[in-house]
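Working notes, structure below.
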Amino acid sequence: MHSGNLVFILHTHLPWVFNHGKAPHGEAWLFEAVAECYIPLLNVFNELNAEGINPGVTLDISPILCEQLEHPDFKNRFRNYCDSMAAAAVKDRKNFKSWGYSEHHIWLTKYWEDWYKSRLDDFEKKYGHSVIKGLKELQDNGAIEIMTCGATHGYMPLLGYDRSINLQIKVAIENYKKHFGREPKGIWLPECAYRPAYEWHSMIPVAPFNQKQLRAGIEQFLALHGIEYFVTDQDLIERINPVGKYIDDNKDKFVHTDNPDINNFQPDFTPTPLNIFNISSGNPDYGTAAVFTRHRDIAMQVWSGEVGYPGEPDYLDFHKKHLDSMLRYWRVTDNKADMMYKTLYHPDWTEDKTELQANHFIHHIENTLNWNKNKYGSPATLCAPFDTELFGHWWFEGPEFLKKVIKGLYHSPYVNTVSASNQLYNINPREIVTMPEGSWGENNNHDVWMNENNKWTWEAIYNSELRLHKIFEKIDIPKGMLKRVMLQAVRELMLMHSSDWQFLIHTIAAKDYAEQRFYFHTNDFNRLCDIIDILLEGKDLTNEQLSFIDKTEKLNPVFPELELGWWQDPFK
């Protein structure tokens, strides 16, 4: 009766906000995510585990987020955040009583006070002040799988040098080993952005990147670093073309589609999101990586706030907040209604809603895979990737929904939830295909991250990559202060690479903050390069320059494991 498996993938990432602002933009993003998403999800996974149910969820967590969650100051700052939110609820309660608010409105202040105290208690007592350790323990016990991600979430297809792509992946792997004690098997390509090998040139006229040059496909970098799989969007997989297939289980023998030595050879080629394919830029000898594909219709059933589950009228409204405390006291009511018409939230009204929606979702998954089994005759893979922040932050009831879905599928005769690596092992795909360039963003191309409003960031990135490259050409083995400054310059370049800045500029969600952050990292990078030039001339640094180096290292102390040798072209 088994029709296939569901691969839940949660993409867990925030840009480097530590030491860069409090609220509404900055560290508040991080603390909200931990309180509302990461800790509730850890609780769900551990509760399922305690019931003998393997969650089977695959998460990626970006290295730059790991660095923030494991920063020495994080636990105290998170404690202060939870304490301040609980205190804000107490203040609201005093005010609401004096203003004559309803008994239920006043009761909600107590609900939030207890809720934040409970999240802090979970953080300190259940997880020993470390979300990362909580995740690591679950992975070590086989309950979940953790992937990696581009180190600072750099948008790989548009980076100027292969060195930059290699750096994003190499740092990601080394950082993963530091935090999780093993090597990752999979990676979330930032924004699911992929580019095959071809004669690439930049979209803006910055030399030498505006000149055509053969660039390696992203899958070739992954193969070089031992990464087995990544994730893409359905639009890209619908435009793949067959290259051939492996004809043995060990994938040693490859047959091309037009091989004249094999009569009437036809690959078993069905370009649907329910299949796993090996991606190649044409010649599998240069490396391949398997790809899991987001199923669009299934994903939108959960993702959409308009037609999906989060739009349920009784769920907590994400947008309306009490101005003094920034606490949320209202339910969705009507997702088209003006904020003034929102009515009060009742937590006890949501239990049956998540139960009904979980059952509906389970049947939707079962029907999809059963239909595929009846049509093609073999079990398939349904991949459902989401931003982790959907479950708990944007959709407060999301973790409970996820728990009910996993629990329900545990008893399904048709579908199970499994990790990406387990499913890859089960399917062992032999088909090799080429896939077009694109992302999971608007129009499935680069439009969100390269457009008239943010293309200036790419001009700065290309000029910075070129400047760093020229510095490396002058130096064999840097030591002492020169090495120290060069390492920090590489860190600042990587922080510039973050695709979050272009996204926030494009969506205008936090445009000023993103522009400011990008400018600061660009300015600090160039000041560090100026200091490198001074050191190469054999001159002494001023106290002001030394102070600047110290300040920058303390402000952005990311990836202490970084080595200058990781800035290299892996194909030369």
Side-chain angles (χ1 to χ4, degrees), residues 1-10 54-58 145 186 192 228-246 249 257 266-279 288-304 307-309 357-386 402 404-436 438 440 444:
M1 297 177 68
H2 184 66
S3 297
N5 290 324
L6 172 68
V7 178
F8 256 127
I9 296 181
L10 301 181
N54 190 314
V57 173
T58 303
E145 178 179 359
C192 292
E228 297 177 6
Y229 67 87
F230 64 103
V231 184
T232 193
D233 203 7
Q234 183 170 334
D235 176 80
L236 272 63
I237 217 69
E238 288 174 346
R239 295 186 282 129
I240 57 178
N241 289 300
V243 173
K245 66 184 295 185
Y246 294 109
D249 289 339
T257 53
Q266 291 292 330
D268 303 322
F269 182 71
T270 308
T272 77
L274 296 175
N275 289 333
I276 304 175
F277 296 100
N278 296 296
I279 301 299
T288 65
V291 65
F292 288 83
T293 305
R294 178 173 80 148
H295 193 290
R296 186 186 303 119
D297 292 342
I298 293 291
M300 290 308 293
Q301 185 66 60
V302 178
W303 181 258
S304 174
V307 299
Y309 302 131
Q357 290 178 343
N359 287 336
H360 178 269
F361 192 56
I362 289 167
H363 289 308
H364 198 15
I365 291 167
E366 289 177 333
N367 290 340
T368 300
L369 288 171
N370 287 343
W371 176 89
N372 186 83
K373 176 75 174 295
N374 291 334
K375 183 175 177 63
Y376 297 109
S378 59
T381 304
L382 200 160
C383 179
F386 304 98
L402 188 62
K404 287 181 168 64
V405 170
I406 295 170
K407 197 169 183 178
L409 287 173
Y410 176 76
H411 298 285
S412 170
Y414 306 110
V415 183
N416 301 124
T417 57
V418 300
S419 70
S421 286
N422 282 342
Q423 184 66 358
L424 185 60
Y425 177 81
N426 292 335
I427 299 296
N428 192 22
R430 297 186 181 186
E431 296 295 324
I432 302 175
V433 302
T434 59
M435 189 171 73
W440 77 339
N444 287 110

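Values reported hereafter were calculated over all heavy atoms of this structure, with side chains retained and with hydrogens, waters and symmetry mates removed.
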Would you indicate whether Lys373, at its atom NZ, is surrounded by more than 12 heavy atoms from other residues, nucleotides or ligands within a distance under 6.0 Å?
-> yes

Distance from Ile432 atom CD1 to Ile240 atom CD1, nearest 0.5 Å?
-> 12.0 Å

How are the rings of Phe361 and Phe8 set relative to one another: parallel (under 30°), tilted (30 to 60°) or perpendicular (over 60°)?
-> tilted

Grab the two heavy atoms, one from Ser419 and one from Thr58, that are nearest each other, plus how far apart they are.
-> CA-OG1, 3.4 Å

Could you state the interatomic distance from CG (Asn275) to OG1 (Thr381), rounded to the nearest 0.5 Å?
-> 7.5 Å

Could you give the distance from CD1 (Ile298) to OG1 (Thr368), rounded to the nearest 0.5 Å?
-> 4.0 Å

Close side-chain approach of Ile427 and Asn5, heavy atoms under 4.5 Å = no

Interatomic distance, CD@Gln357 vs CD@Gln301, rounded to 0.5 Å, equals 8.5 Å

Note, Ile279 side chain near Phe230 side chain (heavy atom, < 4.5 Å) | yes

How many angstroms lie between CG in Asn54 and OG1 in Thr417, if you round to the nearest 0.5 Å?
-> 7.0 Å

What heavy-atom pair brings Leu369 and Ser3 nearest, and what distance separates the two atoms?
-> O-CB, 3.6 Å

Considering non-hydrogen atoms only, spot the tightest contact between Ser378 and Asn372 and give its length.
-> O-ND2, 3.9 Å

Indicate yes or no: at least one non-hydrogen side-chain atom of Val433 is less than 4.5 angstrom from one of Asn278.
-> no

In short, Ala299 meets Phe386 closest at the heavy-atom pair O-CE2, 3.4 Å

What's the shortest heavy-atom distance between Arg296 and Gln234, and which atoms?
-> N-OE1, 2.7 Å

Hey, are the side chains of Leu424 and Glu228 touching, using non-hydrogen atoms and a 4.5 Å cut-off?
-> yes

Would you mind reporting whether Met435 and Phe277 have side-chain heavy atoms less than 4.5 Å apart?
-> no

Check whether any side-chain heavy atom of Cys383 sits under 4.5 Å from a side-chain heavy atom of Ile9, and report yes or no.
-> yes

Which atom pair, heavy atoms only, marks the closest approach of Gln423 to Ile276?
-> CG-CD1, 4.1 Å

What class does the angle between the rings of Tyr376 and Trp371 fall in, given that below 30° is parallel, 30 to 60° is tilted and above 60° is perpendicular?
-> perpendicular

Are any non-hydrogen side-chain atoms of Val418 and Val7 less than 4.5 angstrom apart?
-> yes

Atom OH in Tyr410, atom CD1 in Ile362: separation rounded to 0.5 Å?
-> 14.0 Å

Mind checking whether Asn416 and His2 have side chains closer than 4.5 Å, heavy atoms only?
-> yes

